[in-house]
Novice: 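Got a structure here, written out as structure tokens. Questions coming.
Worth saying up front: this structure is predicted, and the values here are computed from it rather than measured.
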Amino acid sequence: THPSTAFGYIETGDCISKGDSVRFYEAKRFVEKPDLPTAKKYLNSGRFLWNSGMFFWSVETFWKALFTHCHHLYDMARRLEENAERGRLENALAAEYKKISKISIDYALMEKAANISVTPGEFPWDDLGSWPALGDHFPSDKEGNVHIGICETLASSGNIVVSREKLTALVGARDLIVVNTPQATLVCHKDHAQDVRNMVRMLSSRKRYRHLL
């Protein structure tokens with residue numbers, strides 16, 4: 001519906017199957033979160049879909065994909081299967097989870113597999129891992145400000161404010177995300193919402209902030 005920079009995309013190829021209301025297309029490639037000019041090109045081309053991260057597969061196909069593309073996860077899953085059969089899944093899972101690599105299903109399998117198709121889904125959907133998404137799910141005032149908690153604004157518009165514990169007041173502010181908690185305060189322009197993760201990484205690298213994360 002718009003050229004979002006918050007989502008990954010899937011480029012569609014030829015139509016390989018169609019029914020009364022569903023069409024499946026070849027999934028040509030997965031693309032990481034683009035910058036705004038690239039996202040606009042994707043939208044205008046008509047060939048790209050947001051990657052909502054909803055996948056369907058048979059268990060057999062998933063096992064084969066793990067074996068081929070991510071063998072260390074395949075080995076781990078087989079060990080868990082054996083422990084589950086012996087009634088020891090909980091302890092095994094606790095032990096294995098500490099060693100598991102941090103990798104998304106996109107990187108581990110979907111970007112590598114060749115037997116993938118994609119279908120457009122026309123239904124309300126959003127990624128609530130993004131602060132700007134709150135603006136689509138909470139009411140706003142006549143200036144487009146979304147208030148969650150205690151907030152007052154003056155000559156301000158298009159802001160998203162989360163401040164449950166104390167008053168947050170904005171004067172002359174435009175298109176900001178302000179999140180006020182007892183431990184910390186975040187102030188971020190909407191255009192840089194995806195950079196919050198970089199700030200979290202930076203804070204994680206500094207010992208004095210680790211207790212906040």
Novice: Are Glu82 and Arg79 within salt-bridge range, i.e. N to O under 4.0 Å?
Specialist: no

Novice: Can you tell me if Arg201 and Asn198 form a side-chain donor-acceptor pair at under 3.5 Å?
Specialist: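 On atom types as modelled, these side chains qualify, holding a pair under 3.5 Å.
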
Novice: Other than Leu167, which residues form its hydrophobic cluster under the rule that side-chain heavy atoms must be closer than 4.5 Å?
Specialist: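 Via sub-4.5 Å side-chain contacts, Leu167 links to Ile150.
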
Novice: Can you sort out the partners of Tyr25 under side-chain hydrogen bond (donor to acceptor under 3.5 Å, both in side chains), two or more places apart, ordered by chain and number?
Specialist: none

Novice: Would a single hydrophobic cluster contain both Tyr42 and Trp50, if residues Ile, Leu, Val, Met, Phe, Trp and Tyr are joined by side-chain heavy-atom contacts under 4.5 Å?
Specialist: yes

Novice: Going from OG1 on Thr61 to CG on Leu109, what distance comes out if it is rounded to the nearest 0.5 angstrom?
Specialist: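 Those atoms lie 11.5 Å apart.
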
Novice: In Å and rounded to the nearest 0.5 Å, what is the CG to NZ distance from Asp35 to Lys41?
Specialist: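 So the CG of Asp35 and the NZ of Lys41 are separated by 8.5 Å.
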
Novice: Can you list the steps and then say if Asp191 with Asp175 is a side chain to side chain contact (heavy atoms under 4.5 Å, CB included)?
Specialist: CA-CA 8 Å; Asp191 290 347; Asp175 299 323; over 6 Å; no

Novice: Looking at every heavy atom in both Met110 and Ile116, which two are closest together, and how far apart are they?
Specialist: O-CD1, 3.1 Å

Novice: Which is it for Cys188 and Val196 under the side chain to side chain contact (heavy atoms under 4.5 Å, CB included) test, yes or no, and what are the steps along the way?
Specialist: CA-CA 8 Å; Cys188 172; Val196 171; 4.1 Å; yes

Novice: How close do Gly135 and Val146 get, heavy atom to heavy atom, and via which atoms?
Specialist: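 It is CA-CG2, 3.9 Å.
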
Novice: My understanding is that only one of Asn145, Thr168, Thr153, Asp141 makes a side chain to side chain donor-acceptor pair (under 3.5 Å) with Asn159; could you say which?
Specialist: Asn145

Novice: Quick check against the 3.5 Å criterion: does Thr181 have a side-chain atom that pairs as donor or acceptor with the backbone of Gln183?
Specialist: yes

Novice: Check the surroundings of atom CZ in Arg164: do more than 12 heavy atoms from other residues, nucleotides or ligands lie under 6.0 Å from it?
Specialist: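 For Arg164, atom CZ is not crowded (no more than 12 foreign heavy atoms under 6.0 Å).
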
Novice: Distance from Ile160 atom CD1 to Cys151 atom SG, nearest 0.5 Å?
Specialist: 11.5 Å

Novice: Report yes or no: do Trp63 and Leu73 belong to one cluster of Ile/Leu/Val/Met/Phe/Trp/Tyr joined by side chain heavy-atom distances under 4.5 Å?
Specialist: yes

Novice: Of the non-hydrogen atoms in Pro132 and Lys190, which two are nearest, and what is the gap between them?
Specialist: CG-O, 4.4 Å

Novice: So for atom NZ, which belongs to Lys28, do other residues, nucleotides or ligands contribute more than 12 heavy atoms lying within a distance under 6.0 Å?
Specialist: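 No, because the 6.0 Å sphere around NZ of Lys28 holds 12 heavy atoms or fewer from other groups.
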
Novice: Between Ala39 and Thr5, what is the shortest heavy-atom contact and its length?
Specialist: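 So the minimum-distance heavy-atom pair works out to CB-CG2, 4.4 Å.
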
Novice: Please tell me if the side chains of Ile177 and His189 come closer than 4.5 Å, counting only heavy atoms from C-beta onward.
Specialist: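 A side-chain contact is absent here, since even the closest heavy-atom pair is not under 4.5 Å.
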
Novice: Check whether Thr68 reaches the backbone of Ala65 with its side chain - one donor and one acceptor, N or O, closer than 3.5 Å.
Specialist: no

Novice: Are side-chain heavy atoms of Val161 and Leu170 found at a separation under 4.5 Å?
Specialist: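 Side-chain contact under 4.5 Å: yes.
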
Novice: Which residue pairs pass the salt bridge (Lys or Arg N to Asp or Glu O under 4.0 Å) test with at least one member in residues 97-123, sequence neighbours excluded?
Specialist: Glu96-Lys99

Novice: Shortest non-hydrogen contact from Ser156 to Gly172?
Specialist: OG-N, 3.1 Å

Novice: Does any non-hydrogen side-chain atom of Leu80 lie less than 4.5 Å from one of Leu89?
Specialist: yes

Novice: Quick one: are the ring centres of Trp131 and His192 less than 6.0 Å apart?
Specialist: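 Trp131 vs His192: aromatic centres not under 6.0 Å.
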
Novice: Check this for me: Glu152, atom CD, are more than 12 non-hydrogen atoms of other residues, nucleotides or ligands nearer than 6.0 Å?
Specialist: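 Atom CD in Glu152 is not crowded, with 12 or fewer foreign heavy atoms closer than 6.0 Å.
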
Novice: Using the side-chain hydrogen bond (donor to acceptor under 3.5 Å, both in side chains) criterion, which residues pair with Thr185? Sequence neighbours excluded.
Specialist: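 side-chain hydrogen bond (donor to acceptor under 3.5 Å, both in side chains) list for Thr185, sorted by chain: Asn180.
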
Novice: Nearest 0.5 Å, please: how far is CZ in Arg86 from CG in Asn83?
Specialist: 6.5 Å

Novice: Same hydrophobic cluster for Phe62 and Leu93, using side-chain heavy-atom links shorter than 4.5 Å among ILVMFWY?
Specialist: yes

Novice: What's the spacing between Ser117 OG and Asp14 CG if we round to 0.5 Å?
Specialist: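 Taking OG in Ser117 and CG in Asp14, the distance rounds to 12.5 Å.
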
Novice: Going by an N to O cut-off under 4.0 Å, is there a salt bridge joining Glu60 and Lys64?
Specialist: yes

Novice: side-chain hydrogen bond (donor to acceptor under 3.5 Å, both in side chains) with Arg206: which residues, sequence neighbours excluded?
Specialist: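 Checked Arg206 against side-chain hydrogen bond (donor to acceptor under 3.5 Å, both in side chains); zero matches.
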
Novice: Tyr74 vs Phe67 aromatic rings, parallel, tilted or perpendicular, using cut-offs 30° and 60°?
Specialist: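 Because their plane-to-plane angle is over 60°, the rings of Tyr74 and Phe67 count as perpendicular.
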
Novice: With heavy-atom distances below 4.5 Å as the criterion, would you say the side chains of His72 and Ser101 are in contact?
Specialist: yes

Novice: Honestly curious: do Leu203 and Val178 fall in one hydrophobic cluster under the side-chain, below-4.5 Å linking rule?
Specialist: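 No, no single cluster joins them.
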
Novice: Side chains of Tyr9 and Asn51: does their closest heavy-atom pair fall under 4.5 Å?
Specialist: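 Tyr9 does not reach Asn51 side chain to side chain.
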
Novice: Supply the atom-to-atom distance Arg174 CZ to Ser157 OG, rounded to the nearest 0.5 angstrom.
Specialist: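 Arg174 CZ to Ser157 OG: 4.0 Å, rounded to 0.5 Å.
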
Novice: Is there side-chain contact between Val22 and Lys18, with at least one heavy-atom pair below 4.5 Å?
Specialist: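 No - every pair of side-chain heavy atoms lies 4.5 Å or more apart.
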
Novice: Going hydrophobic residue to hydrophobic residue with side-chain gaps under 4.5 angstrom, can you get from Met202 over to Tyr209?
Specialist: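 Linked within one cluster.
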
Novice: Can you list the residues that meet the ring-ring contact (aromatic ring centres under 6.0 Å, His included) rule with His211, with sequence neighbours excluded?
Specialist: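 With sequence neighbours excluded, His211 shows a ring-ring contact (aromatic ring centres under 6.0 Å, His included) to no residue whatsoever.
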
Novice: Parallel, tilted or perpendicular: which fits the ring planes of Phe30 and Phe55, with parallel below 30° and perpendicular above 60°?
Specialist: tilted

Novice: Looking at every heavy atom in both Glu11 and Phe48, which two are closest together, and how far apart are they?
Specialist: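 Smallest heavy-atom distance, with atoms named: CB-CE2, 3.4 Å.
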
Novice: Using side-chain heavy atoms (C-beta onward) and a distance below 4.5 Å, is Val118 in contact with Glu26?
Specialist: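 They are not in contact (no side-chain heavy atoms under 4.5 Å apart), so the answer is no.
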
